[in-house]
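Only a predicted model underlies this, so the values are computations on that prediction, with no experimental measurement involved. Numbers here simply count residues along the sequence, with the first being 1.
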Amino acid sequence: MEDNTLHIVSFIVHVKPDALAATAQWLAAQPNCDIRGEDEAGKLVVVAENSNEKRLLGLMDTVREQPGVLDAALVYHEVLAADTADDPQD
């Protein structure tokens with residue numbers, strides 16, 4: 001059974017400053033994952049989307065396992081119908 005939903009999440013990654021560049025590079029290489037903000041003190045704002053919620057949660061778990069990462073905290077989660085997700089909102 002195929003799920004017709006699109007999950008969009010944003011989360012903050014807290015990372016040691018000396019691991020910031022490597023973590024940002026790793027995140028940028030992940031599919032459907034964008035870095036939307038960066039603070040040189042060790043914070044990244046990330047937005048990711050997937051039709052499978054478990055994959056997004058798995059991404060966050062994998063981020064937490066990266067060298068120098070202190071934590072990844074979910075900030076926002078939205079669920080949309082995939083076939084209308086790009087439609088303009090009224």
Side-chain angles (χ1 to χ4, degrees):
M1 180 176 133
E2 187 170 321
D3 190 6
N4 186 34
T5 59
L6 177 65
H7 296 267
I8 301 171
V9 298
S10 66
F11 55 96
I12 295 177
V13 179
H14 295 268
V15 60
K16 293 178 181 177
D18 61 341
L20 185 64
T23 304
Q25 184 177 9
W26 183 87
L27 281 164
Q30 303 311 302
N32 301 314
C33 186
D34 294 311
I35 297 172
R36 298 293 177 100
E38 184 175 324
D39 181 303
E40 61 188 42
K43 293 180 186 167
L44 297 166
V45 177
V46 181
V47 174
E49 63 181 54
N50 198 299
S51 60
N52 186 313
E53 180 180 18
K54 288 183 180 183
R55 287 191 182 144
L56 292 173
L57 296 173
L59 171 65
M60 289 182 62
D61 287 341
T62 304
V63 169
R64 288 184 185 104
E65 297 170 357
Q66 297 304 303
V69 172
L70 303 171
D71 197 12
L74 182 68
V75 174
Y76 179 79
H77 180 196
E78 183 171 359
V79 181
L80 301 169
D83 55 350
T84 61
D86 290 328
D87 291 352
Q89 301 298 313
D90 293 329

W26: which other cluster members, linking ILVMFWY side chains closer than 4.5 Å, directly or transitively? V9, F11, V13, V15, L20, L27, I35, L44, V46, L56, L59, M60, V63, V69, L74
Measuring only between side-chain heavy atoms, which start at C-beta, is K43 closer than 4.5 Å to V45? no
If you round to the nearest 0.5 Å, how far is CG of L57 from NE2 of H7? 9.0 Å
For the student: nearest non-hydrogen atoms of K54 and N52, plus distance: N-OD1, 2.8 Å
Heavy atoms only: give me the nearest P17-E40 pair and the separation to one decimal. CB-O, 3.8 Å
Please give me the minimum heavy-atom distance between G68 and A19, naming the atom from each residue. CA-CB, 3.8 Å
R55, CZ atom: more than 12 neighbouring heavy atoms under 6.0 Å: no
Any side-chain heavy atom of I12 sitting closer than 4.5 Å to one from H14? yes
Hey, what else clusters with L70 if you join Ile, Leu, Val, Met, Phe, Trp, Tyr whenever side-chain heavy atoms sit under 4.5 Å? none
R36/D34 salt bridge by N-O under 4.0 Å criterion: yes
